[in-house]
Amino acid sequence: LMTLAEVGYLTFDGKFFTPTPRVLRLGATYGQTAALPQLAQPHLAAVRDDVQESASLAVLSEGESLFIARSEGTRIIDTGVRVGARVPLHASATGHVLLAGLPSSEFEAYLANGDFPARTPKTPTNAASLRERVSRAAHDGFAIGVEELELGLVAIAVPVSDPTGRIVAAMSVSASTARVTPEDLLDRFAPVMQRHADTLGRQL
């Protein structure tokens with residue numbers, strides 16, 4: 001409880017612990033996405049089997065990409081992504097897809113915050129470069145990251161949209177640059193992922 005209070009989920013007056021609005025936001029995120037992991041799992045497994053790399057599903061949670069489902073590949077060395085892991089929006093393909101789904105006012109507020117630390121020399125670290133990547137993701141229907149989050153890592157993410165057209169999640173695959181090229185992501189991975197993401201969206 002003291003740890004939860006320290007990180008802002010509770011307040012403590014010396015006698016009583018009280019939930020903060022942050023708990024409500026966390027609960028709302030869970031309520032909106034509770035069915036997603038179960039629905040997504042067969043699609044992630046199918047993507048994994050087709051492209052021979054691990055596939056994941058992430059949602060927007062408190063300014064980060066939160067991974068809520070994953071189908072592991074058989075590689076000895078993987079990318080380190082696990083269910084429950086969080087990655088920054090500005091530095092990840094999943095983040096660019098999720099940012100593309102925000103209302104313009106929320107996206108502008110995110111850009112105005114201006115806190116985009118470099119994870120690698122290729123990370124977009126200013127509003128102009130991030131706006132360009134997110135606009136490209138919105139236009140193309142996918143985002144590709146080449147060593148923006150971690151050196152030696154490439155990734156692709158596609159949106160999962162509900163029947164109203166709202167982006168609720170990002171389906172992603174990340175892999176070592178020793179195995180997969182950006183061209184592989186575009187030519188071989190993207191069509192498979194978009195097909196399963198579209199089907200998953202219709203199931204919501």
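In this text, all values refer to a predicted model and were calculated from it rather than measured experimentally. Heads up: numbering here begins at 1 and tracks the sequence. The figures here come from the full heavy-atom set of this structure, side chains too, leaving out hydrogens, waters and symmetry mates.
Of the possible donor and acceptor atoms, none in the side chain of S61 sits under 3.5 Å from a partner among the backbone N and O of E64. Although no hydrogens or angles enter the test, the distance criterion places a donor-acceptor pair under 3.5 Å between the side chain of D13 and the main chain of K15. The backbone N or O of G8 lies less than 3.5 Å from a partner atom in the side chain of T20, making a donor-acceptor pair.
Annotation: side-chain hydrogen bond (donor to acceptor under 3.5 Å, both in side chains) contacts of Q203 (sequence neighbours excluded): H43. With sequence neighbours excluded, the residues that form a side-chain contact (heavy atoms from CB on, under 4.5 Å) with N113 are D115. For A169, the side-chain contact (heavy atoms from CB on, under 4.5 Å) partners two or more places apart in sequence, or in a different chain, are L36, L57, V59, V160. For the side-chain hydrogen bond (donor to acceptor under 3.5 Å, both in side chains) test, residues two or more places apart in sequence or in another chain that qualify with D162 are T164, R166.
In this structure, the ring of F17 has its center no less than 6.0 angstrom from the ring center of Y9.
Residue pairs that meet the salt bridge (charged side-chain N to carboxylate O under 4.0 Å, His left out) test with at least one member in residues 119-135, sequence neighbours left out, are E108-R131, K122-E147, E132-R136, R133-E148.
Using a 4.5 Å cut-off on side-chain heavy atoms (C-beta onward), L10 and F12 make no contact. Contact annotation: the side chain of V180 approaches that of L185 to within less than 4.5 Å [non-hydrogen atoms, C-beta and beyond]. Inter-residue side-chain proximity for L60 and L89 is flagged as met; some heavy-atom pair is nearer than 4.5 Å.
The same ILVMFWY cluster, assembled from side-chain heavy atoms under 4.5 Å apart, contains both L186 and V146. Note on F16: it does not cluster hydrophobically with L1, by side-chain heavy-atom contacts below 4.5 Å among ILVMFWY residues.
Here the CE atom belonging to M171 is positioned 10.5 Å from the CD atom belonging to Q194, to the nearest 0.5 angstrom. To the nearest 0.5 Å, atom CD of residue E53 and atom OG of residue S174 are 8.0 Å apart.
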List the atom pairs, with distances to 0.1 Å, where a side-chain N or O of residues 96-107 and a protein N or O form a donor-acceptor pair under 3.5 Å, not counting sequence neighbours.
from: H96; atom 1: NE2; to: H90; atom 2: O; distance (Å): 2.9

Check your understanding: What do the steps show when you test V87 against F67 for side chain to side chain contact (heavy atoms under 4.5 Å, CB included), and what is the final call?
Key -> CA-CA 8 Å; V87 297; F67 288 91; 3.8 Å; yes

